[in-house]
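Before any comments, here is the structure.
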Amino acid sequence: MVMLVGGPAIRAEGTRNALRTLAHQVALALGSAELAAEVHRRASEARFATLVQNSSDLITVIGPDLRILYQSPSIERVLGYTDAEVTGRPFEELLHPDDQGRFVRRLTDGAAAGGRGEVIECLLAHRDGGRRHFEILYTDLLADPVVGGIVLNGRDVSERKAFEEQLAHQAFHDPVTHLANRALFNERVRHAVARTLREGVGMAVLFVDLDDFKTVNDSLGHAAGDRVLLAVAQRISAAVRSADTAARFGGDEFAILVEDVQDAQAAVDCAERVLAALGEPLRLEHNDLTIRASLGISVAEPGAVTDADELIRNADAAMYIAKADGKGGYRVFEPAMHERVLRRLELRADLGMALERGELELYYQPLVRLGDGVVCGIEALLRWRHPQRGMVAPDQFIPFAEETGLIVPIGRWVLREGCRQARLLQERMRLPVALPVGINLSVKQLLDPQIIADVSEALADARLDPAALTLEITESVMMTDTETAVARLTELRELGLRLAMDDFGTGYSSLSYISRFPLDVLKMDRSLLAAGAAPVTSGLASAVVGIGETFGLEVVAEGIEYPEQCSTLRELGFHTGQGYLFARPMPPAELVDYLERNGAGVRAMAAG
């Protein structure tokens with residue numbers, strides 16, 4: 001039971017006092033909340049001001065008339081102005097003239113209304129007179145009662161833009177000559193063809209190929225060859241008009257696009273200027289070089305219906321004929337040349353079927369000991385017996401195989417066939433161990449992920465001792481992915497086979513590379529032998545012997561043709577050689593006869 005003390009009047013007064021106390025407490029509580037809110041708001045504003053002050057971004061608010069209502073202080077650090085200097089000025093004054101109209105149109109098209117942000121790229125002026133690339137996120141908050149303007153949040157992307165431009169330049173320019181590359185040239189030819197059809201102006205494509213450029217690389221080295229290519233590029237650029245496009249197509253091939261020509265004579269005049277410029281002596285490595293080139297011309301008459309790829313192919317075909325007809329000159333493409341072009345294209349297409357049809361063969365050239373003439377090994381050399389054309393020279397189809405990637409399956413076949421025939425030769429001649437066989441390995445094969453498995457399977461299927469296999473690589477391996485190349489070669493050597501550096505001395509080599517590669521043999525390039533009696537520079541040949549001794553490598557001299565060369569090489573310290581003096585490359589049946597005639601020496605070598 002609840003008892004109430006006092007009457008109604010007393011109870012009413014108590015209630016009023018309680019309510020007044022409660023109201024007072026509520027008022028105090030409300031005052032504290034408002035004060036706390038105010039403190040929090042001011043702290044937030046202070047934090048925001050600090051962030052804006054130290055931000056690398058530009059925060060700008062512009063009014064309906066596009067004048068700056070607010071500018072963050074960061075503008076002084078980013079563009080060199082103070083916020084006071086730009087506040088009240090039209091934002092357009094900070095824009096590059098080319099961007100002003102476009103920027104205003106984007107601001108006024110309503111795309112960023114209602115708080116939806118849009119991004120525009122533009123150039124802003126720095127106080128020092130330079131320009132900076134900016135990405136600006138703009139949001140139309142004119143209808144927002146708090147902001148009442150268009151908010152621009154700008155970020156300086158100049159470094160990124162410069163990097164993108166550098167990448168774009170690298171993608172479309174040759175790193176050695178700084179000319180346009182094949183991709184950019186093809187694109188410009190396509191544009192020129194479209195202009196020919198649209199405006200009725202003529203154009204021409206000139207294809208330039210340096211004659212015997214390999215000799216420069218062989219005799220002076222790869223670095224010197226690059227300097228020659230740069231000099232050629234500079235001379236071609238100087239010989240053509242500023243409106244024309246000169247490009248390096250690849251290797252020692254160049255191309256020129258000549259626009260606004262009325263007939264072939266204008267293209268011929270350009271060709272003659274180029275050939276005259278290239279014919280001037282070039283001083284390089286204390287040598288005076290004479291550069292010769294073969295040049296093909298393909299002309300599209302004003303308004304002619306043509307195709308960019310066809311124009312380039314025709315110029316290439318005309319160049320090929322100029323080279324075949326004696327080098328050092330030019331030819332204008334004629335329809336009759338199509339037959340020769342088609343034959344070349346057919347040869348390339350036939351190569352794709354040559355392996356499947358069994359048209360590829362291996363020939364072998366012996367390696368001999370220079371002291372007593374005993375055969376101490378053989379090198380497998382690829383040949384193509386075409387059903388209609390007969391024997392096709394390697395330099396006519398190996399480049400096609402490299403370009404198309406066919407070199408990998410063809411190289412795989414060479415490995416298997418070379419190992420198989422080496423084993424058959426061992427059995428046929430009853431040798432205690434197989435005669436060592438050297439097989440060339442292309443760069444593309446070496447970098448192929450399946451190469452270790454390919455070599456292992458070839459050895460296993462042939463039941464050939466790995467010690468009887470020598471894989472020969474060229475110095476061009478050093479100019480590819482060195483780390484991958486070293487790793488692959490190390491894995492191959494761990495199979496028990498030997499590794500040889502072929503064509504050593506053509507200019508790529510450095511002692512640091514030689515020390516990194518797991519080699520067993522150096523094969524000195526034939527270019528270090530003169531056409532006459534002795535090495536062209538016995539000092540270089542002697543240096544090769546010294547390198548071999550330093551790194552514990554066997555040294556083999558290639559391209560020996562004369563007895564006097566053999567005598568000189570022996571005196572210089574060479575123990576093994578290869579060349580026409582001993583034997584030309586021969587098919588397996590002839591190799592057996594050759595070895596049987598020298599059988600005693602071969603067996604003694606194999607046994608010892």
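Every value quoted in this text rests on a predicted model; they were computed, and no experiment measured them.
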Check this for me: does any side-chain nitrogen of one of [X] and [Y] sit under 4.0 Å from a carboxylate oxygen of the other?
X: Lys161; Y: Glu121; answer: yes
X: Glu187; Y: Arg190; answer: yes
X: Asp244; Y: Arg241; answer: yes
X: Arg195; Y: Glu259; answer: yes

Do [X] and [Y] touch side chain to side chain, with heavy atoms closer than 4.5 Å?
X: Ile312; Y: Asp316; value: no
X: Thr474; Y: Phe504; value: no
X: Ile150; Y: Leu141; value: no
X: Phe103; Y: Ile136; value: yes
X: Leu257; Y: Met203; value: yes
X: Asp263; Y: Val299; value: no
X: Asp83; Y: Ser72; value: no
X: Leu311; Y: Asn314; value: no

With sequence neighbours excluded, residues passing side chain to side chain contact (heavy atoms under 4.5 Å, CB included) with [X]:
X: Glu85; result: Tyr81, Thr82, Arg127
X: Asp209; result: Asp252, Glu253, Met319, Lys323
X: Val61; result: Leu69, Tyr70, Val147, Val151

Worksheet item: Does a side chain donor of either Gln100 or His96 reach within less than 3.5 Å of an acceptor in the other side chain?
Response: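 Their side chains do not contain a donor-acceptor pair, so the 3.5 Å distance test is not met.
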In Å, rounded to the nearest 0.5 Å, how long is the span from [atom1] of [X] to [atom2] of [Y]?
X: Leu230; Y: His178; atom1: CG; atom2: NE2; value: 5.5 Å
X: Ile256; Y: Leu206; atom1: CD1; atom2: CG; value: 5.0 Å
X: Lys444; Y: Ile451; atom1: NZ; atom2: CD1; value: 14.5 Å
X: Glu92; Y: Arg67; atom1: CD; atom2: CZ; value: 10.0 Å
X: Leu519; Y: Ile473; atom1: CG; atom2: CD1; value: 5.5 Å
X: Ile68; Y: Glu93; atom1: CD1; atom2: CD; value: 8.0 Å

Worksheet entry | Sequence-distant partners of Asp99, salt bridge (charged side-chain N to carboxylate O under 4.0 Å, His left out), two or more places apart |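 Partners of Asp99 under the salt bridge (charged side-chain N to carboxylate O under 4.0 Å, His left out) test: Arg102.
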Worksheet item: Can you name the residues that form a salt bridge (charged side-chain N to carboxylate O under 4.0 Å, His left out) with Arg132, not counting sequence neighbours?
Response: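 Result, salt bridge (charged side-chain N to carboxylate O under 4.0 Å, His left out) vs Arg132: Asp128.
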Between [X] and [Y], what is the shortest heavy-atom contact and its length?
X: Asp211; Y: Ser294; answer: OD1-OG, 2.9 Å
X: Val261; Y: Ala204; answer: CG2-N, 4.1 Å
X: Gly352; Y: Leu406; answer: CA-CD1, 3.7 Å
X: Ala308; Y: Val189; answer: CB-CG1, 3.6 Å
X: Leu446; Y: Ala485; answer: CD2-CB, 4.0 Å
X: Leu79; Y: Ala125; answer: CD2-O, 3.8 Å

Practice prompt. Please list all pairs passing the ring pair (Phe, Tyr, Trp, His ring centres under 6.0 Å) test where one or both residues lie in residues 240-277, with sequence neighbours left out.
Written response: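 As it turns out, the ring pair (Phe, Tyr, Trp, His ring centres under 6.0 Å) pairs with a partner in residues 240-277, which skip direct neighbours, are Phe185-Phe249, Phe207-Phe249.
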Discussion item. The test is side chain to side chain contact (heavy atoms under 4.5 Å, CB included); show your working for Arg292 and Leu278 and say whether it passes.
Written reply: CA-CA 7 Å; Arg292 301 175 70 236; Leu278 295 180; over 6 Å; no
Discussion item. Quick check on side-chain contact (heavy atoms from CB on, under 4.5 Å): which of Leu152, Leu95, Leu58, Asp57 does Phe134 satisfy it with?
Written reply: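 So the option named by the test is Leu58.
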Does [Y] offer a backbone N or O that forms a donor-acceptor pair with the side chain of [X] under 3.5 Å?
X: Arg248; Y: Asn181; result: no
X: Gln445; Y: Ser442; result: yes
X: Thr196; Y: Val201; result: yes
X: Arg235; Y: Glu280; result: yes

Item to complete: Could you walk me through whether Asn153 and Thr139 pass the side chain to side chain contact (heavy atoms under 4.5 Å, CB included) test, one step at a time?
Response: CA-CA 9 Å; Asn153 191 332; Thr139 308; over 6 Å; no
Discussion item. Can you tell me if Glu159 has over 12 outside heavy atoms packed within less than 6.0 Å of its CD?
Written reply: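 Open.
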Discussion item. Assess the residue pair Leu282 and Val228 against the criterion (side chain to side chain contact (heavy atoms under 4.5 Å, CB included)); give the C-alpha distance rounded to whole Å, side-chain angles, the decisive distance to 0.1 Å, and a yes or no.
Written reply: CA-CA 8 Å; Leu282 173 64; Val228 171; 4.2 Å; yes
Discussion item. Apply side chain to side chain contact (heavy atoms under 4.5 Å, CB included) to residues Val274 and Leu295 and explain how you reach the verdict.
Written reply: CA-CA 9 Å; Val274 169; Leu295 197 150; 4.2 Å; yes
Discussion item. Would Thr60 and Gln71 count as a side-chain hydrogen bond (donor to acceptor under 3.5 Å, both in side chains) here? Give the steps.
Written reply: CA-CA 5 Å; Thr60 310; Gln71 177 60 63; 2.7 Å; yes
